[in-house]
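No hydrogens, no waters, no symmetry mates; every other heavy atom, side chains included, goes into these values. All ligand and atom numbering here is 1-based and tracks the order in the structure. FYI, the numbering just counts along the sequence from 1.
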Amino acid sequence: MNTTNLTGPMDLSEHLAEVRDDALGDIAAAGDLDALSSVEARVVGRDSAVAAARRSLGSMPAEDRRDAGRLINDVAKELQAAVETRREALEAEARTQAIEADALDVTLDYQTYPIGALHLIHQVIDEVSDIFIGLGYHVAEGPEAELAWYNFDALNTPPDHPGRLESDTMYLDYGMPEDEMLLRAHTSPIQARYMEQHDPPVYIVAPGKAYRNDTIDATHLPVFFQIEGLAVDTNITFSDLKGTLAEFARQFFGPVTKVRMRPHFFPFTEPSAELDVSCFNCDGPGSTCRVCKGVGWLEMLGCGMVDPNVFEAVGYDPNEVTGFAFGMGVERLAQVRHGIESMRTFIENDIRFLQQFPGS
Ligand code: DAH
């Protein structure tokens with residue numbers, strides 16, 4: 001802008017008003033801090049119209065200089081102030097943008113998935129295993145497709161035992177005595193396999209699936225779970241068996257649980273017994289309890305002292321070691337403890353049933 005021919009305050013003030021309006025427009029239009037810096041240089045810097053006006057003061061009549069100087073200073077101050085105000089606004093805007101660019105939107109909607117849980121049967125397996133681990137036992141496993149030898153012969157079960165019939169046991173390979181294969185009918189073959197592989201002492205529990213040619217009803221499933229137990233050492237007695245199972249029953253069913261044993265028969269134990277636990281739901285016999293049907297006792301498991309023939313079959317010397325064994329049905333444990341009407345519920349996959357046992 002040409003200012004050299006300005007002659008006095010009137011012309012100057014008009015000129016400055018124009019300069020000021022243009023400059024304020026440019027300052028307001030500066031879109032970012034870089035643009036504002038170049039606008040600032042242009043409107044208040046050394047080459048600005050304001051600076052040129054200041055330089056022209058010298059050639060002005062002396063009486064006009066003071067007013068002209070004030071006018072120029074006022075415009076210069078106003079423009080500088082406008083630059084600062086705009087700079088603060090742009091800086092604030094830049095900060096807000098940076099914060100927004102950095103922000104995590106915690107209100108964002110997201111897909112939730114329900115957390116699953118172990119099936120009640122597996123919760124019971126874990127719980128029973130934990131109780132025996134606490135008593136010093138290890139957890140062992142064995143194959144579900146089993147040789148008849150381990151399922152029957154090694155367990156002192158004679159060839160004519162009714163359980164060996166095809167009507168009872170699910171065979172994979174039937175009729176060739178040497179290598180008859182079946183789906184194990186109980187977890188007891190794990191005992192024989194374990195003893196074959198390990199020297200005494202033995203303290204194991206062995207959970208797993210078992211298979212029987214049974215029709216599904218409230219108390220039977222053709223595929224079900226058992227937990228086997230075996231303790232072999234020197235001088236293991238029947239009282240060790242009873243004490244161990246009583247401790248288990250108290251931990252599983254509650255501290256006031258009583259146990260009783262009734263004589264029974266299993267090929268692989270002698271003597272053999274069935275263990276009953278006192279009903280945790282009522283005060284004993286004669287009640288109308290729906291858990292024990294008024295008996296006061298609940299049949300829980302089979303057990304006994306390991307038969308010497310079993311020790312011989314697996315290479316142990318029955319003159320050196322004694323032991324006890326037991327086997328329990330997991331569905332039965334769960335059914336009794338939770339008052340579950342029918343075992344069918346365990347395999348129906350009804351989410352309303354499953355959700356009642358969310359586990360820990
Ligand atoms: N195997 C037996 C069954 O399925 C349960 C059983 C009874 C296991 C006595 C044992 C035992 O280890 O000693 O009915």
Side-chain angles (χ1 to χ4, degrees), residues 125 128-129 132 137-144 146 148-158 161-165 168-170 182-196 202-214 219-233 236-246 248-249 259 261-277 298-311 313-314 316 318 321-333 335-336 343:
I125 288 174
V128 173
S129 301
F132 281 99
Y137 285 60
H138 295 282
V139 175
E141 284 182 334
E144 290 172 28
E146 185 55 285
W149 163 262
Y150 290 105
N151 195 81
F152 295 124
D153 303 281
L155 297 174
N156 196 39
T157 311
H161 190 275
R164 298 185 80 131
L165 293 172
D168 281 7
T169 294
M170 296 188 192
L182 43 77
L183 293 174
R184 69 182 176 204
H186 49 179
T187 45
S188 304
I190 304 172
Q191 290 185 28
R193 283 186 175 272
Y194 193 91
M195 284 190 281
E196 248 182 17
V202 169
Y203 292 90
I204 55 161
V205 281
K209 261 185 210 146
Y211 300 80
R212 277 182 209 174
N213 207 351
D214 277 333
T219 54
H220 294 87
L221 296 176
V223 182
F224 58 103
F225 285 86
Q226 288 189 328
I227 300 175
E228 194 75 14
L230 176 69
V232 182
D233 210 331
I236 295 256
T237 68
F238 198 91
S239 358
D240 296 321
L241 169 60
K242 190 170 181 185
T244 302
L245 292 178
F248 158 71
V259 296
M261 282 166 149
R262 286 174 291 105
H264 202 78
F265 174 79
F266 297 103
F268 29 91
T269 41
E270 182 58 34
S272 302
E274 277 199 331
L275 182 92
D276 296 342
V277 299
L298 299 159
E299 273 180 43
M300 233 36 265
L301 53 84
C303 59
M305 300 305 289
V306 179
D307 193 291
N309 290 342
V310 174
F311 284 142
V314 299
Y316 280 15
V321 291
T322 53
F324 62 74
F326 55 89
M328 51 187 127
V330 182
E331 284 80 0
R332 165 101 185 131
L333 287 178
Q335 190 176 22
V336 163
M343 282 189 189

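Using 4.0 Å as the threshold, Glu274 has no heavy atom nearer than that to any atom of ligand 1. Taking 4.0 Å as the cut-off, Met328 does not count as a neighbour of ligand 1 on heavy-atom distance.
By the neighbour-count criterion of 12 heavy atoms within 6.0 Å, atom NE2 of His138 is sparsely surrounded, having that number or fewer from other residues, nucleotides or ligands.
A centroid separation of 6.0 Å or more is found between the aromatic rings of Phe324 and Phe238. Residues Phe268 and His186 place their aromatic rings such that the two centres sit under 6.0 Å apart.
Side-chain contact, Glu196 with Tyr150: a donor N or O sits under 3.5 Å from an acceptor N or O.
When only non-hydrogen protein atoms are considered, atom 14 (O) of ligand 1 lies nearest to Arg212 NH2, 3.9 Å. Nearest protein neighbour of atom 11 (C) of ligand 1, counting heavy atoms only, is Phe268 CE1, 3.5 Å. Remark: minimum distance from atom 8 (C) of ligand 1 to any protein heavy atom is reached at Gly327 N, 3.3 Å. Counting protein heavy atoms only, atom 12 (O) of ligand 1 is closest to Glu228 OE2, 2.6 Å.
Arg332 places no side-chain N or O within 3.5 Å of a backbone atom of Gln226 that could act as its donor or acceptor partner.
Listed by number with element, the atoms of ligand 1 under 4.0 Å from a non-hydrogen atom of Ser188 are 1 (N), 8 (C). Of all atoms in ligand 1, numbered sequentially from 1 with element shown, those under 4.0 Å from a heavy atom of Gln191 are 12 (O). For ligand 1, the atoms sitting less than 4.0 Å from at least one non-hydrogen atom of Gln226 are 3 (C), 4 (O), numbered in the order shown with element in parentheses. Listed by number with element, the atoms of ligand 1 under 4.0 angstrom from any heavy atom of Phe266 are 7 (C), 9 (C).
Using bins of under 30°, 30° to 60° and over 60° for the plane-to-plane angle, the ring pair Phe326/Tyr137 lands in the tilted bin.
Taken from CG in Asp214 to CG in Leu221, the straight-line distance is 9.0 Å, to the nearest 0.5 Å.
Counting heavy atoms closer than 4.0 Å to ligand 1, residue Cys303 contributes backbone atoms (N, CA, C, O) but none from C-beta onward.
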Next item on the list: Evaluate the side-chain contact (heavy atoms from CB on, under 4.5 Å) criterion for residues Met328 and Phe248: first the C-alpha distance (whole Å), next the side-chain angles of each, then the deciding distance (0.1 Å), finally the verdict.
Entry: CA-CA 12 Å; Met328 51 187 127; Phe248 158 71; 3.7 Å; yes
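Checking only distances, Gly302 never comes within under 3.5 Å of ligand 1, N or O to N or O.
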